[in-house]
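Take a look at the structure set out below.
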Amino acid sequence: MNVTRNPDADWVAWAAGQTGIPERALRAYVAAAVTVNATVPACGIGWNTLAGVGSVETAHGTYGGGYLTGAGQGSRPVVGPALNGAGFAAIADTDGGALDGDPRWDRAVGPMQFIPSTWQLVGPDGAADPFNIDDAALSAASYLCAGGRDLTTADGWTSAIYAYNQSDAYIRKVRDQAAAYAASTGAAG
């Protein structure tokens with residue numbers, strides 16, 4: 001199937017049923033992969049990689065019982081724990097609490113869990129919202145493809161996911177989830 005920037009609604013509904021990914025999130029992952037691959041064709045990012053990250057990070061924006069609206073907004077903000085060095089890296093506040101509500105420590109935000117300093121670098125434009133699945137998925141795809149990474153190779157894919165989260169256990173979780181999504185839909189990437 002040839003997926004376009006506006007993924008076929010029938011395919012999205014079918015694939016959502018096969019994978020358990022909410023349709024709204026799946027549409028954002030597919031559109032982000034198509035958009036970034038059109039501008040950075042050497043990257044080769046697959047929608048299932050973005051879905052793997054989204055699953056591990058926030059269960060596609062549904063963590064804690066939330067859901068994505070038709071406009072792609074979370075029904076409530078998804079904000080991670082304080083990155084205060086207790087079980088996580090210590091990252092002092094970088095945004096005055098503007099995105100995460102914490103003026104002392106950074107916290108990852110939104111369905112793709114960006115820390116504020118990373119969002120400042122990869123948010124697609126000044127109007128981008130890390131709590132919106134479309135903006136977050138597009139920013140995640142751009143971030144994973146940064147630096148000329150080729151996600152069609154094992155080393156390039158691992159390097160990209162490692163840049164997102166420097167944990168071998170995290171890489172395994174994302175890899176396993178992305179592979180399961182691809183297998184359940186017969187899709188490569």
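Remark: Ala178 pairs with Asn48 by the side chain to side chain contact (heavy atoms under 4.5 Å, CB included) rule, at least two apart or across chains. For Ala15, the side chain to side chain contact (heavy atoms under 4.5 Å, CB included) partners at least two apart in sequence or on another chain are Trp11, Leu26, Thr185. Here Arg24 pairs with Asp134 under the salt bridge (charged side-chain N to carboxylate O under 4.0 Å, His left out) rule; sequence neighbours left out. Remark: Gln177 pairs with Ser55, Ala180, Tyr181 by the side chain to side chain contact (heavy atoms under 4.5 Å, CB included) rule, at least two apart or across chains. In this view, Asp176 satisfies the side chain to side chain donor-acceptor pair (under 3.5 Å) rule with no residue, not counting sequence neighbours.
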Per-pair distances, 0.1 Å, donor-acceptor, side chain in residues 167-174, under 3.5 Å, sequence neighbours excluded:
unit_1 : atom_1 : unit_2 : atom_2 : d
Ser167 : OG     : Ala169 : N      : 3.3
Ser167 : OG     : Tyr170 : N      : 3.1
Tyr170 : OH     : Glu57  : OE2    : 2.7

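Among residues at least two apart or in separate chains, disulfide bond (SG atoms under 2.5 Å apart) pairs with a member in residues 11-71 are Cys43-Cys145. For the disulfide bond (SG atoms under 2.5 Å apart) condition, no pair includes a residue of residues 45-94, sequence neighbours left out. Residue pairs satisfying the ring-ring contact (aromatic ring centres under 6.0 Å, His included) criterion with at least one member in residues 16-36, sequence neighbours excluded, are listed as follows: Tyr29-His60. Judged as a ring-ring contact (aromatic ring centres under 6.0 Å, His included), the pairs with a partner in residues 72-114 (not counting sequence neighbours) are, in order, Phe114-Trp119, Phe114-Tyr164. Within the structure, every pair that satisfies the side-chain hydrogen bond (donor to acceptor under 3.5 Å, both in side chains) test and touches residues 87-99, not counting sequence neighbours, is listed here: Thr94-Asp106. For residues 141-151, the set of pairs meeting the salt bridge (Lys or Arg N to Asp or Glu O under 4.0 Å) definition, not counting sequence neighbours, is empty.
Put simply, the side chain of Arg107 gets close to the backbone of Gly80: a donor and an acceptor are under 3.5 Å apart.
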